[in-house]
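These notes concern the structure reproduced below.
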Amino acid sequence: MRRIPVLVASLALVTAACSAGTVDVSGIPELEATSPDAVQSLLDTTTLPTVVNVWASWCIPCRSEAPLLDRAAAEFADRVRFIGINVRDSQSGAREFIAEFFPDAAIEHLFDRNGVVPPSLGGSGAVPLTFFYAPGGELVRLHSGVLDERTLALEIDEILSRASS
Amino acid sequence: MEFTLLFAAFFGVAGLWLMLRWEAARGNAADCAADLWEIAITAAVVGVFIGRLAAMIGDGVNPITNPADILIVRAGVATGWASAAALVTVAWLGRKELWPAMDGLAPAALAALGGWHAGCLARATCLGTTTDLPWGVAQSPGGPGRHPVEIYAAVLFLVVAIAVALWKARGRPAAGLPAAIALIAAGGIRLTTEPFRPSLGGGPVWWYLAAIAIGAIGGVVAVRLRRRRPSDSQP
């Protein structure tokens, strides 16, 4: 008899997992395609410290760090520019990811189908990658792999201190 | 790169193991038959698991639809929930001799936390807010000096761990009092170093205050119980 509640709970969990519906992407526009030159030009001309996060919808670690970036973009909205570069992905996958994790975040997302932008900035082909830039496009730090809260907060503090000095 | 967190965990486990060995060699945990090492490791694993689940839920990530994300501990562990779950696990596993088990683990838990903070050396995450003090360390070439805040925390945890262990051996404190003092110290050290850490949203300050309050209440209860039953604490 004691197994029945366990079975019911397990069934409920499996049902919940399987019934996760598709995400509504109607409010998410198509991502603008970009190139290495376009991104470099963007970085050279920006007057704000900039965080560039490279992500893909198929990348599980990217999902894990997305809420951190969402919180950081909300907290530093007026002082730091956030750019997301979606690589080696589809428009539909990218839009679903944005709808799920960044629906209201102040992050400009760009589409890099062939993943050529990160290597041009000095990164590798792996995701996630996060670049931290001082105003004017000076690369302060390149972080490979998943971000944790402390690292993200510290690196943002670093590029903000470069901006004020 | 991703494995640096494992190095930090190794530092924490090393701190735990060394302090337990040191205490055992001094006969400090002789009044507790429970296997403190097993209890501590189980509590740590349960704490990290619950803390990770809490962090995911807090960030709006469904752990049922994204089960693999649970393993990505680096993306965040809710410190308060993790600590609470670890404490409950210790209390449950050591329930037959609760206070000796808690007191037996107190210095080792502090040493483990000290080791965990010292693990920042492997992760390159020791630095905090900017400072003009001479021991400030630059995060990047040309950058401002920063407090090595995690080293401050590591040193404080290790000093308090050794102090509690020595006090247990020489002072014969009331049962439960070392655990209460350790909880107050853990909350206090995190609280006093928190202003030196850049964070998103200010850090889990309320959890640290809660730890201090629970430790203080536990300490008062332990002292009162000893006054009522002084024979319990005689050697």
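Reminder, nothing fancy here: chain letters follow the sequence lines and each chain counts from 1.
Considering every non-hydrogen atom in both B:Leu200 and A:Ala153, the closest pair reads N-CB, 4.2 Å. In terms of heavy atoms, B:Gly128 sits closest to A:Leu154 at O-CD1, 3.6 Å. Across all their heavy atoms, A:Arg141 and B:Gln139 have their closest contact at NH2-O, 2.8 Å. Closest non-hydrogen pair, A:Glu158 versus B:Ser140, comes out as OE2-OG, 2.7 Å.
Proximity to chain B is limited to the side chain of A:Glu75, based on heavy atoms less than 4.5 angstrom apart. The contact between A:Arg63 and chain B is made by backbone and side chain atoms together, counting heavy-atom distances below 4.5 Å. Looking at B:Pro141, the atoms closer than 4.5 Å to chain A (heavy atoms on both sides) all sit in the backbone: N, CA, C or O. For a residue to count as touching a neighbouring chain, one of its non-hydrogen atoms must lie under 4.5 Å from one of that chain's; by this rule A:Leu68 touches chain B with backbone and side chain alike. Only the side chain of B:Thr125 comes within contact range of chain A, judged by heavy atoms closer than 4.5 Å.
Counting heavy atoms from C-beta outward, B:Val61 and A:Pro67 have side chains that approach closer than 4.5 Å.
Remark: B:Trp92 CH2 is loosely packed, at most 12 non-hydrogen atoms of other residues, nucleotides or ligands lying under 6.0 Å away. Other residues, nucleotides and ligands contribute more than 12 heavy atoms inside 6.0 Å of the CH2 atom of B:Trp207.
Rounded to the nearest 0.5 Å, atoms OG1 (B:Thr130) and CG (A:Asp157) are 6.0 Å apart. Between atom CG of residue B:Asn66 and atom CD of residue A:Glu100 there is a gap of 6.0 Å, rounded to the nearest 0.5 Å.
Using a 4.0 Å cut-off between charged side-chain N and carboxylate O, B:Arg146 and A:Glu155 make no salt bridge.
No side-chain donor-acceptor contact under 3.5 Å links B:Ser199 and A:Glu149.
A donor-acceptor pair under 3.5 Å is absent between the side-chain atoms of A:Arg162 and the main chain of B:Pro144, judged by distance alone.
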